[in-house]
Protein chains: 2
Amino acid sequence: MAVTMNDVARAAGVSLKTVSNVLNDYEFIRPATKQRVQDAIAELGYEANLTARSLRSGKTSMLGLVLSDLSAPYYAELASRLMKAAARHGYRVLVEQSDAEAAAELGALHGTFRQLTDGLLFTPLVVDAEAIAARAGRKPLVMLGEHIVDPRFDLVTVKNREAAAALTGHLLAGGRRRIAVIGADPGESAGTGGLRLDGYRTALAAAVIPYDPALVAPAQWRRDTGAAAVAGLLDKGVEFDAVFGLNDVLALGAMHELQVRGVKVPQDVAVAGFDDLDEGRFASPSLTTIAPGMDEIAERSIGLLLDRIAGREPSVQGVHVEAGFELKIRESAP
Amino acid sequence: MAVTMNDVARAAGVSLKTVSNVLNDYEFIRPATKQRVQDAIAELGYEANLTARSLRSGKTSMLGLVLSDLSAPYYAELASRLMKAAARHGYRVLVEQSDAEAAAELGALHGTFRQLTDGLLFTPLVVDAEAIAARAGRKPLVMLGEHIVDPRFDLVTVKNREAAAALTGHLLAGGRRRIAVIGADPGESAGTGGLRLDGYRTALAAAVIPYDPALVAPAQWRRDTGAAAVAGLLDKGVEFDAVFGLNDVLALGAMHELQVRGVKVPQDVAVAGFDDLDEGRFASPSLTTIAPGMDEIAERSIGLLLDRIAGREPSVQGVHVEAGFELKIRESAP
DNA sequence: CTGAAAGCGCTTACAG
DNA sequence: CTGAAAGCGCTTACAG
């Protein structure tokens, strides 16, 4: 059997409580006692049993991360950084893939997944604020992304509108006038796609260029759907001189389709995305995009969640954090 | 407070043990009793406390997955599928990133990570078999990848040698004679890189073409390093008419560098990779590659690990599973 | 087929 | 500053 606190207590000649005090960095321990306990721990190779600690304390030292699909590059990158940020504070991250299904998204809010974690980083895609509020329980919950923007919930996000406007502004400055948008419904205004579309419209308005809904093609945010959306525009005979993929994989899929059809990028059509995936830097041509402050997002969301868990964050209302961004100009839209 | 088994027992008018029996699908329960318990569970909204169950039973229903970096596309894809396969059996997967550091790889073998999981899926990159054997403990451990091929350990992998030989054969059939290899040391023979290099050499030998170590460039398996390795070959004046990136990101990095330098792919130099990332399908040109049987790998490794956990797998020796592969011929090496 | 009791390894009031 | 005791919510022999 594994070494227990009892073994340590016996070896050090103290009580269980004293070992617990040492383990939990209780201040008022006589240095000599502390030393004896630490020696016993080292000698016996004692490792605290997290399960027992969890059962008693109600804390698991795990954070939950709910996202649709870990194999999507943006989420993989985000998960990786969140795990590293959490590790710095002594927490692990348990990932749950929802596949963008409502039942899975809601399921992560209670049941065993919730039990196993002290707080949740949640990237809802289909479920609405009411459904979440009804099920969220008392454990802290921080939203990532923009599907839910609600004063009841903490939220960490990028400056989507500003970033999309900056990118669109860059395309306009390059002389592009008919900029297709891939990944949103023409009338969309909420959620990540809606906010980015809104930024696009803002930049258009600033340049006194009318908004043409025919240039906006909805698509799920994948490479194949990005390619299909551009194919649809081309087949319908819609004219455009640039494509703004609302994220990088959409832009990359679109760029592929353009090239397959002999449309030259950027000469005939410029292409730009959003996310700054490593993949885009090595695409041909390399992809112009927005680099969201991923480290800032990871750091801030973990920080906020841990503050809530520890009761350090005083605000009763949701705290909304907006991370910065950077425009990365590359070959696909110089 | 949450509803406990005691509350359910009281509501159903039975003992704790009976509730436990119903929860654990014990066979011999009177149907009426079972029904009463299930009704009480439904009515109270009871959810079993996993932590308490773990402390008592020693099982956590979690599997550990140790890999170097979750943001690497192959690992992200693998993790995603492993999580889905595990979920089908009622298990979750807890991921640990080692950053290819020995301390982290060894650390995952004991301590809290091991405690929290019933078995480990391990992708070691730097640690050797002896170090693992010395620290592995009694919980099951299944190796993924080929860094450790040792009769003491279970292993699930692709047919690396055969796949690399098939790919090389395809390049040779296309008339390529000087095929550069990116991602291995010229003398390497063990590990994933070594096995793939070995397959390359086998195909070369079958075509009676001498092996030229000058064509083999070591590189970490990333895009930037793939680009740098090809740059190195070009700068040294090494002549080649094809590049075999030992995985897709290497090939994609190499392809980017070639194109930046005005080398036409595939006319001047054909490029091929290994992994069949979605990214490669949408690269320009699209990437010829090997599709490892990812679902087979995920399914078999989870199956094997769960068999070991349940004591169902009788073999004392390590079981070695080799998944199939498929050659995907695309534009970069038609 | 079901019950009463012990115990997994911790933390946490409560004393002193 | 430290000890003895209770208890977190389950599962598991042991009876009956």
Side-chain angles (χ1 to χ4, degrees), chain A residues 1-38 40-41 44-62 90 110-112 114-116 118 138-139 309-310, chain B residues 1-38 40-41 44-62 90 111-112 114-116 118 139 309-310:
Chain A
M1 281 282 65
V3 181
T4 74
M5 271 175 62
N6 254 314
D7 301 326
V8 174
R10 207 171 308 124
V14 299
S15 79
L16 249 191
K17 176 69 164 82
T18 303
V19 179
S20 177
N21 282 345
V22 172
L23 255 25
N24 295 297
D25 291 324
Y26 182 65
E27 288 182 275
F28 309 104
I29 311 174
R30 207 173 298 160
T33 310
K34 186 169 181 176
Q35 191 57 53
R36 246 186 315 143
V37 171
Q38 286 173 331
I41 287 172
L44 297 174
Y46 169 75
E47 281 166 347
N49 180 316
L50 276 204
T51 306
R53 178 175 288 174
S54 294
L55 178 58
R56 185 59 238 239
S57 71
K59 302 280 184 185
T60 65
S61 294
M62 289 210 282
H110 57 105
T112 61
R114 209 72 210 279
Q115 275 181 24
L116 287 169
D118 295 336
R138 303 135 319 208
K139 285 190 186 176
I309 289 170
Chain B
M1 281 285 63
V3 182
T4 74
M5 270 175 61
N6 253 316
D7 301 328
V8 174
R10 208 172 306 124
V14 297
S15 80
L16 250 192
K17 175 69 164 81
T18 302
V19 179
S20 176
N21 282 344
V22 172
L23 255 24
N24 295 297
D25 290 325
Y26 182 66
E27 288 181 275
F28 310 105
I29 312 174
R30 209 174 295 161
T33 310
K34 186 169 181 173
Q35 191 58 54
R36 246 184 316 143
V37 171
Q38 286 173 332
I41 287 172
L44 298 174
Y46 169 74
E47 282 167 344
N49 180 317
L50 276 206
T51 304
R53 179 175 290 173
S54 295
L55 178 58
R56 186 59 237 238
S57 71
K59 303 280 183 185
T60 65
S61 295
M62 289 208 284
T112 60
R114 208 71 208 281
Q115 275 181 23
L116 286 168
D118 295 337
K139 286 190 184 176
I309 289 170

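All values below were derived from every heavy atom in this structure, side-chain atoms included, with hydrogens, water molecules and symmetry-related copies excluded. In what follows, chains are A, B, ... by sequence order, proteins preceding strands, each numbered from 1.
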Specify the separation, in whole Å, of atom [atom1] of [X] and atom [atom2] of [N].
X: A/K59; N: C/dT12; atom1: NZ; atom2: P; answer: 10 Å
X: B/N6; N: D/dC10; atom1: CG; atom2: C1'; answer: 10 Å
X: A/K34; N: D/dT2; atom1: NZ; atom2: P; answer: 11 Å
X: A/L16; N: D/dG7; atom1: CG; atom2: P; answer: 16 Å
X: A/N21; N: D/dC1; atom1: CG; atom2: P; answer: 11 Å
X: B/N49; N: D/dG7; atom1: CG; atom2: P; answer: 17 Å
X: A/M5; N: C/dC8; atom1: CE; atom2: C1'; answer: 14 Å
X: B/D7; N: D/dG9; atom1: CG; atom2: P; answer: 9 Å

- Indicate whether OP1 or OP2 belonging to C/dT2 is found under 4.0 Å from a side-chain N or O atom of B/T33.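 B/T33 to C/dT2 OP1/OP2: side-chain N or O found under 4.0 Å.
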
- Task: Would you sort out whether A/M62 and B/M62 count as a side-chain contact (heavy atoms from CB on, under 4.5 Å), showing the intermediate values?
- Result: CA-CA 13 Å; A/M62 289 210 282; B/M62 289 208 284; 3.6 Å; yes

- Message: Can you tell me which nucleotide in D/dG7, C/dG7, C/dA4 comes closest to the side chain of B/K17?
- Response: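 Of the candidates, C/dA4 comes closest.
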
- From the list C/dC8, C/dT11, D/dT2, which nucleotide is the closest neighbour of the side chain of A/R53?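 The nucleotide sitting nearest to the side chain is C/dT11.
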
- B/S57 or A/S15, whichever maps to the more 5' nucleotide of DNA chain D: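 This one resolves to A/S15.
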
- Task: Walk me through it: do B/R53 and B/L23 pass the test side-chain contact (heavy atoms from CB on, under 4.5 Å)?
- Result: CA-CA 11 Å; B/R53 179 175 290 173; B/L23 255 24; 4.3 Å; yes

- Neighbour count >12 (heavy atoms, 6.0 Å) for atom NZ, B/K34: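 No, NZ of B/K34 has 12 or fewer neighbouring heavy atoms, counting only those of other groups under 6.0 Å.
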
- Message: Is there a side-chain contact (heavy atoms from CB on, under 4.5 Å) between A/N49 and A/T4? Walk through the geometry before answering.
- Response: CA-CA 8 Å; A/N49 180 316; A/T4 74; over 6 Å; no

- Task: Indicate, with a heavy-atom threshold strictly under 4.0 Å, whether A/T18 touches base, sugar-phosphate, or nothing.
- Result: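 Since only primed, P, OP1 and OP2 atoms lie under 4.0 Å of A/T18, the category is sugar-phosphate.
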
- Task: Find the partner of D/dA13: check Watson-Crick (N1-N3 plus N6-O4 or O6-N4) and G-U wobble (N1-O2, O6-N3) distances, both under 3.5 Å, and reply none if neither fits.
- Result: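 Per the H-bond distance test, none.
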
- Query: Under a 4.5 Å cut-off applied to non-hydrogen side-chain atoms, are B/V37 and B/I41 in contact?
  - Reply: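 Yes, side chains in contact.
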
